[in-house]
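Beneath this line is the structure, given in structure tokens, with notes to follow.
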Amino acid sequence: MEPKIKETAWNPEIEKQILKQWEDSKIYEFRPEGDIFVIDTPPPYPSGRPWHIGAAAHYAQIDMIARTARMEGKNVLFPIGIDRNGLPVEMYTEKKYNIRMHETDRAEFLNLCSTALDDLEAEMIQIMKSLGLSGNFSEYYRTDSEQYRSLTQATFIELWKKGMVYIANRPNNYDWVTGTTIADAEIIYEDIPTKLVYMKFKIKDSDMILTIASTRPELLCACQAIIVNPDDERYSSVVGKNAVIPVINREVQIRTHPSAEKEFGSGAVMVCSYGDQNDVALFRELKLEEIVAIGKNGRMTEVAGAYSGLKVKQAREKIIEDLQNQNLVEKIENINHRTPISERSKIPIEIIAMEEYYLRQKESVEKIKELGSKIVFHPSMHKQILMNWLESITIDWPISRRRFYGTEIPIWYCKKCSEPHVPEPGKYYRPWKDACPISKCTKCGATEFVGEERTFDTWMDSSVSPLYVSKYNRDEEFFKKTYPASIRPQSKDIVRTWLYYTILRCEQLTGVTPWKDAWIMGYGVDEHGAKMSKSKGNVVDPLPVIQKFGADTFRFWSASEINLGYDFRCSEQKIETTKKFLSKLWNISRFLSGFPIIKSAKTTPTDNWILSELDNVVSECRKGFEDYNFFVPSTSIREFTWNLFAAHYIEMVKGRAYSTGFSEEERDAAIFTLHKVLSTLLLLLAPITPFITDYLWQQIQYSDKTVHKEKFPQTENPQDWTKFTKSITEFNSNVWNKKKEQSLSLKDAIEMEIPEDLQQFAKDLKAMHNLR
RNA sequence: GGGUUCAUAGUCCAGUUGGUUAUGACGUCGCCCUUACACGGCGAAGAUCCAGGGUUCGAAUCCCUGUGGACCCA
């Protein structure tokens, strides 16, 4: 019989047609009824070209989650969004047009950002579509839309009214390049080579010299105390006395404090506003008066005297030089200092006191620990990242940012008494340009207002994503059915931000955990295991790879190469070799497409053996799918298909299927089994490689609809025949080896004994090897 | 300094509750067009399972110590 499939290899070009078929027939449309499964999809951030191949692999797997749930009979809400708020696009725009945000007209700057985002977004959507994501593209959302931003603002207003927000002037992490306060979660630490300068301080009214080591000599002008450890006998005689700050020539008192480490530097520490978080704590504890030495522009202020106007780094070099000239330096050590760096602009942050809005989070920590412990993490080990983060939260969340491209903080201040007012929730407010919606100050009765200019930290937007997709505040009925969501898929580097903030905000607003499961993926690294970065030039662009090898190849690579939760290596060569498996599957299908589909038959021992192995595969796959792990199913399917089904079973029954020397009943049993195995494999593979499986399913005509409307196969627990697997494969190997030794062709006849335990397979084996 | 995690052939990786000869793939080297597939088939070489110690009749697997890497936190 002529095979229905003609070509000898899978052509990824066909994917485009299939994609169109899916779109036209709307097979992935969500209906809010029955068993509902909601994915809190991460909206990707279009921060520049190219998009990360690891991210593409990540989305391919999220789609597998969606398809798995669908094949288990669930109605799946798989939203697609684009995250468009925040610093990266502002920096991208500044660079692209060579402008500075704070020196550009706000409305104009926002327009430029928006245009830049549109371009980058278009490419991402194209990649996501060509990957075959079964998400809701027709209603894809943007986090900078009026609707989304009005939700961010409404949730803020709700928390404001509950008293969860307050304003405070306190030292905070400040990034002078981007000109804004940042949260602890946005800080990374890097070891940077730094000079540890041992400076000589004179003790007043004595000839004694006190040596103090510091990495921040430029902060001498902001020094308000010197501390030594209370147990440090070297300094017990000078405690209580005053020391003279070198170069600055101002006096400060020497005190004791347990945070001074005897072993670090000289054991004496200068306390300045503010070298690090420890200084902040000491200023508060010792009630010292703050001296503002560094301005918002990252330069030294007038209190720095001769150094005023210099950037911090320049001031440091200059003051070291001056100290050396005046013979006030004992020595300089080169050390690697763990330095806090702004995640965005990569510069060391400064700690500067500023007035910012804070969202209360400290009192929620215990509650979130409790909620967090109930969320099922995949893999479970990554729950620890959240728990460790919760342990380290010491201050509330500063949520205001001095940036433009973000959701505006919806507050107006009374011009007369400065009382802040929030408007009614539900609309999108831009206080920097909109007229004030409040008519009269509730405190003093004045009628003139001035709008807040700051925006929110972007995590204020991102942290309500599960509320947005389930239409919180917009559609009560829909919300009830779709919240909490089923699963949050995301990568492990944003556990302490996105994952944590979402639980925090949703708990504050709804009192419950936003999802039942959290699915945490590792990073994509390059082929040598190094992190991909634009500066290293090792970023792999996913688009050409997908175009070259096809989405299914890329997806199968993603499934079979990535162990959930662990970092994975991306190399084009690996992806290329994955394509071979799809060719194998294609050719098996091509062979089978020549035989009629037989619905039932009286199977022989050989058939029972492969069906028994197949049942194991089904059970393995179901276990993997249950854990949202695609590594297990893809590898076990590949191994079974290639090394048992194709290599042994098909070879054993080929003669029987062609009916040479076999009864019709025996032939039908072989054909029945071949189709049974292949159709089961296609179903199991459908969530992983949706294109090729759908194409083959429809070409062979296993049913009159798409494979994606089918349900997963169940295990049937037939009698266990797998004990014969080893004997069968070994016997076949022996025959092949014998023929090779005797330089026989595989079709040549040979004399060999079939072992006792394989007698029931004898007829197939004889036909297969031409045994005499 | 604390935490998480990893260490298995040239490379990547599997190994479920400890049980004969350690899985598969890529790569390498032979041989082979055998009517699904040369994007294929068969075969071969290649591993002190990071080191040391312990528990055990028996350890890649469990425990301890150390070494090296990745990440997180202070």
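What you see is a predicted model; the values in this text were computed from it and never measured.
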task: Provide, to the nearest angstrom, the distance between the CZ atom belonging to A/F645 and the C1' atom belonging to B/G41.
output: 17 Å
- prompt: So which heavy atom on A/W519 is nearest to which on A/Y628, and how close?
  reply: NE1-O, 2.8 Å
- line: Residues passing the side chain to side chain donor-acceptor pair (under 3.5 Å) test with A/H648, sequence neighbours excluded, are A/N732
B/A14 and B/A7, which share atom name C1', separated by this distance in whole Å: 15 Å
message: Would A/R488 and A/W498 count as a cation-pi pair here, with the cationic atom under 6.0 angstrom from the ring centre and within 45° of the axis?
response: yes
query: Which is true for A/E651 with a 4.0 Å heavy-atom rule: it touches a base, it touches only sugar-phosphate, or it touches nothing?
result: base
task: Answer yes or no: does a side-chain N or O of A/K654 lie under 4.0 Å from OP1 or OP2 of B/U35?
output: no
- request: Look at all strands and tell whether A/D493 reaches a base, only sugar-phosphate, or nothing, counting heavy atoms closer than 4.0 Å.
  value: nothing
- request: Can you run down the salt bridge (Lys or Arg N to Asp or Glu O under 4.0 Å) pairs that involve residues 631-655 of chain A, sequence neighbours left out, and say none if there aren't any?
  value: A/E651-A/K654
statement: With sequence neighbours left out, the residues meeting salt bridge (Lys or Arg N to Asp or Glu O under 4.0 Å) with A/D694 are none
- prompt: Of all residues at least two apart in sequence or in a different chain, which pass the salt bridge (Lys or Arg N to Asp or Glu O under 4.0 Å) check with A/K676?
  reply: A/E716
statement: Heavy atoms of A/W586 and A/E7 approach each other most closely as NE1-O, 2.7 Å
task: Output every pair passing side-chain hydrogen bond (donor to acceptor under 3.5 Å, both in side chains) with a member in residues 546-560 of chain A, not counting sequence neighbours, ordered by first then second residue.
output: A/Q61-A/S558, A/D63-A/R555, A/K548-A/E572
- prompt: Under the side chain to side chain contact (heavy atoms under 4.5 Å, CB included) test, which residues partner A/S679, sequence neighbours left out?
  reply: A/W697, A/Y702
- request: Any salt bridge (Lys or Arg N to Asp or Glu O under 4.0 Å) involving residues 612-622 of chain A? Give me the pairs, sequence neighbours left out, ordered by first then second residue.
  value: A/E620-A/K623
field: Watson-Crick or G-U pairs under 3.5 Å in RNA chain B, rendered as dot-bracket with [ ] for crossing pairs and | for another strand
entry: (((((((..(((......[....))).(((((.......))))).....(((((..]....)))))))))))).
- prompt: When you measure from every atom of RNA chain B, which of residues 726-744 of chain A have a heavy atom less than 4.0 Å away?
  reply: A/S733, A/W736, A/N737, A/K740
- line: Under a 4.0 Å heavy-atom criterion, the protein footprint on nucleotides 4-15 of chain B, written with B, S and -, is SSS-----SSS-
- request: Look at all strands and tell whether A/W642 reaches a base, only sugar-phosphate, or nothing, counting heavy atoms closer than 4.0 Å.
  value: sugar-phosphate
query: So which pairs with a foot in residues 375-398 of chain A pass salt bridge (Lys or Arg N to Asp or Glu O under 4.0 Å), sequence neighbours left out?
result: A/K369-A/E391
- prompt: So, A/F556 versus A/F581, ring centres under 6.0 angstrom or not?
  reply: yes
task: Please work out which residues in residues 578-590 of chain A have a non-hydrogen atom less than 4.0 Å from an atom of RNA chain B and list them by number.
output: A/K580, A/S583, A/K584, A/N587, A/I588, A/R590
- request: Give the nucleotide from the list B/C71, B/A36, B/G41 with an atom nearest to the side chain of A/L746.
  value: B/G41
